[in-house]
Visitor: 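Here you go, one structure.
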Amino acid sequence: MPILNKDMTLCISLSARPSNNGTRFHNFLYDALELNWIYKAFAPTNLEQAIAGVRGLGIRGCAISMPYKESVIALVDQMDASAAAIDSVNTIVNDGGVLTAYNTDYTAIAQLIESNGLDPAWSVLLRGSGGMAKATAAAFRDAGFRDVTVVARNEETGQALASLYGFRWKAELEDSNADVLVNVTPIGMAGSPDVESLAFPEPAIAGAQAVFDVVAVPAVTPLVKAGSAAGKKVISGAEVMTIQALEQFVLYTGIRPTEAQVRAAEEFMREP
């Protein structure tokens, strides 16, 4: 990484619980491609002021994580189709003070559904109803899945999400089972009170074909560990993070790294 200088381009991330994953991924690629750029993670105390800083300081790119994916919409100038279609933002690009919002979470999840061969005829339990859940539900709907149940205690957001994509809603898991179990809640996330909890009970995991935990930190969540131990097809949030971060990198820089460079950045990102 070059020594800090006045011409360096800055990109940032905003999250309630920042991690070093995006910071390590982006900065590794900046160094590999000899770019005079730097990436820094922040936990904003005021979202409106933070986005004003992106605009006013000429910060090139800004990644948006939970819980800001929907509340940031009112603070940008325009929405790319990827974000407008699901009313959820995970990326902001600053072009001369004009802020455009994107959603690369959707792209990542859609790619993983396809590459892992998830069958659209399978039933799905999707736990969560926030901004990331919207991207996830949209990706499953667009991949042809129709037998999907959204599980969310918040009746307003849960029903709204289910209705938006023609799915069912229920408040509690109870004894629900499905072929695909998808966690899009903070359960199992580092820093969460539920960091050691399972997003789905063991009987549901035993009866599933696949488990998909969108939580990225840690890479091996309790759900990922349980799914692997049960011999299920497992998709991790760490995989989602790599793909969505790559697409962010391309939006920010206009450069698409080689596959070898991406794999090296991913390995560096996951190092303890």
Side-chain angles (χ1 to χ4, degrees), residues 64-71 73 82-90 103-114 116 118-189 192 194 197-216 221-224 226-227 232-237 239-240 244:
I64 304 294
S65 295
M66 293 190 292
Y68 307 118
K69 292 173 183 285
E70 295 169 304
S71 54
I73 292 173
S82 61
I86 55 178
D87 287 326
S88 180
V89 173
N90 83 322
N103 195 306
T104 64
D105 290 330
Y106 170 90
T107 303
I109 293 164
Q111 287 184 20
L112 288 166
I113 290 172
E114 180 178 5
N116 283 276
L118 301 190
D119 188 343
W122 285 350
S123 58
V124 179
L125 277 177
L126 192 159
R127 188 170 187 183
S129 59
M132 188 65 169
K134 282 187 178 180
T136 305
F140 271 91
R141 189 274 312 273
D142 293 346
F145 288 80
R146 297 294 177 263
D147 186 0
V148 178
T149 301
V150 173
V151 182
R153 291 182 180 178
N154 187 316
E155 182 175 354
E156 181 180 358
T157 60
Q159 284 194 335
L161 177 60
S163 297
L164 183 62
Y165 297 109
F167 300 152
R168 295 178 299 278
W169 165 81
K170 63 186 305 183
E172 302 289 345
L173 279 171
E174 298 170 334
D175 57 353
S176 301
N177 291 284
D179 297 310
V180 185
L181 307 178
V182 187
N183 176 44
V184 202
T185 75
I187 297 173
M189 179 184 293
S192 164
D194 299 316
S197 300
L198 271 174
F200 294 92
E202 291 184 358
I205 295 170
Q209 299 289 333
V211 296
F212 189 167
D213 198 341
V214 180
V215 170
T221 63
L223 180 58
V224 167
K232 307 302 178 180
K233 184 184 294 290
V234 174
I235 307 172
S236 73
E239 296 173 85
V240 176
Q244 67 85 17

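Just so you know, residue 1 is the first one in the sequence shown, and it goes up from there. No hydrogens, no waters, no symmetry mates; every other heavy atom, side chains included, goes into these values.
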Visitor: Which value, rounded to the nearest 0.5 Å, describes the distance between Asp119 atom CG and Phe145 atom CZ?
Guide: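 One gets 6.5 Å once the value is rounded to the nearest 0.5 Å.
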
Visitor: Is there a side-chain contact (heavy atoms from CB on, under 4.5 Å) between Met132 and Ile109? Walk through the geometry before answering.
Guide: CA-CA 10 Å; Met132 188 65 169; Ile109 293 164; 4.0 Å; yes

Visitor: For Thr107, does its backbone N or O pair with a side-chain atom of Thr104 as donor and acceptor, under 3.5 Å?
Guide: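 No; judged by distance alone, with no hydrogens or angles, the pair does not exist.
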
Visitor: Going from CG on Asn116 to CD1 on Ile235, what distance comes out if it is rounded to the nearest 0.5 angstrom?
Guide: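 Atom-to-atom, Asn116:CG and Ile235:CD1 are 4.0 Å apart.
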
Visitor: To the closest 0.5 Å, what do you measure between CG (Leu181) and OG (Ser176)?
Guide: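 The distance works out to 10.0 Å.
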
Visitor: Could you report the tightest heavy-atom contact between Ala216 and Gly237, atom names first, then the distance?
Guide: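 Heavy atoms only, the tightest pair is CB-O, 3.5 Å.
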
Visitor: To the nearest 0.5 Å, tell me how far Glu70 CD sits from Ile86 CD1.
Guide: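 Here the interatomic distance stands at 9.5 Å.
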
Visitor: If the test is side chain to side chain contact (heavy atoms under 4.5 Å, CB included), which one of Val182, Leu173, Val184 qualifies with Arg127?
Guide: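 Exactly one option meets the side chain to side chain contact (heavy atoms under 4.5 Å, CB included) with Arg127, and it is Leu173.
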
Visitor: Show your reasoning for whether side-chain contact (heavy atoms from CB on, under 4.5 Å) applies to Leu198 and Ile205.
Guide: CA-CA 10 Å; Leu198 271 174; Ile205 295 170; 4.0 Å; yes

Visitor: Of all the heavy-atom pairs spanning Gly131 and Ser88, show the shortest one and how long it is.
Guide: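 Closest approach of Gly131 to Ser88, heavy atoms only: O-OG, 3.0 Å.
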
Visitor: Kindly compute the distance separating NZ (Lys69) from CG (Asp105), expressed to the nearest 0.5 Å.
Guide: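 One gets 4.0 Å once the value is rounded to the nearest 0.5 Å.
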
Visitor: Go through it in stages, so that I can follow the logic: the residues are Met189 and Asp194, the test is side-chain contact (heavy atoms from CB on, under 4.5 Å), and I'd like the CA-CA distance, side-chain angles, deciding distance and then a yes or no.
Guide: CA-CA 7 Å; Met189 179 184 293; Asp194 299 316; over 6 Å; no

Visitor: So does Thr157 get a backbone contact from the side chain of Asn154, meaning a donor-acceptor N/O pair under 3.5 Å?
Guide: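 Looks like yes, one N/O pair under 3.5 Å.
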
Visitor: If you look at every heavy atom in Leu161 and Ala137, which pair is closest and at what distance?
Guide: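 Heavy-atom minimum between the residues: CD1-CB, 4.0 Å.
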
Visitor: Does CD belonging to Glu114 count more than 12 external heavy atoms closer than 6.0 Å?
Guide: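 Check fails, neighbour count at 12 or below.
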
Visitor: Indicate the atoms forming the closest heavy-atom contact of Val240 with Ala108, along with that distance.
Guide: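 That closest heavy-atom pairing would be O-CB, 3.6 Å.
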
Visitor: Between Tyr106 and Asp142, is a side-chain contact (heavy atoms from CB on, under 4.5 Å) present by the stated rule, with each step listed?
Guide: CA-CA 10 Å; Tyr106 170 90; Asp142 293 346; 2.6 Å; yes

Visitor: Could you pull out all residues at least two apart from Arg141 that satisfy salt bridge (Lys or Arg N to Asp or Glu O under 4.0 Å)?
Guide: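 By the salt bridge (Lys or Arg N to Asp or Glu O under 4.0 Å) rule, Arg141 matches no residue at all.
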
Visitor: Distance only, no hydrogens: is a donor on one side chain within 3.5 Å (strictly under) of an acceptor on the other, for Asp179 and Ser123?
Guide: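 Short answer, yes.
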
Visitor: Nearest 0.5 Å, what's the CD-CG distance between Gln159 and Leu164?
Guide: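 If I round to the nearest 0.5 Å, the distance is 13.0 Å.
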
Visitor: Report the relative orientation of the aromatic rings in Phe212 and Phe140; use parallel for angles under 30°, tilted for 30 to 60°, perpendicular for over 60°.
Guide: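 Tilted.
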
Visitor: Give a yes or no on whether Arg168 atom CZ has more than 12 heavy-atom contacts from other residues, nucleotides or ligands under 6.0 Å away.
Guide: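 Counting other residues, nucleotides and ligands, CZ of Arg168 exceeds 12 neighbours.
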
Visitor: Determine whether a donor-acceptor pair (N or O, by modelled atom type, separation under 3.5 Å) exists between the side chain of Asn177 and the backbone of Asp175.
Guide: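 Looks like yes, one N/O pair under 3.5 Å.
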
Visitor: Would you confirm whether Trp169, through its side chain, and Ala152, through its main-chain N or O, come within 3.5 Å as a donor-acceptor pair?
Guide: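 Present.
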
Visitor: Ignoring hydrogens, what is the shortest heavy-atom contact between Val150 and Gly128? Give both atom names and the distance.
Guide: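 It is CG1-O, 3.6 Å.
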
Visitor: Donor-acceptor check, side chain of Thr149 to backbone of Leu125, threshold 3.5 angstrom: yes or no?
Guide: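 Checking the backbone N and O of Leu125 against the side chain of Thr149, no donor-acceptor pair under 3.5 Å is found.
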
Visitor: Please confirm whether the backbone N or O of Ser236 pairs with a side-chain atom of Asp213, one donor and one acceptor, at under 3.5 Å?
Guide: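 Checking the backbone N and O of Ser236 against the side chain of Asp213, no donor-acceptor pair under 3.5 Å is found.
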
Visitor: What are the two closest heavy atoms between Val151 and Glu172, and how far apart are they?
Guide: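 Scanning both residues, the minimum pair turns out to be CG1-C, 3.8 Å.
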
Visitor: Can you confirm whether Gln244 sits close enough to Asn103 that some side-chain heavy atom of one is under 4.5 Å from a side-chain heavy atom of the other?
Guide: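 Result no, sub-4.5 Å side-chain heavy-atom pair not found.
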
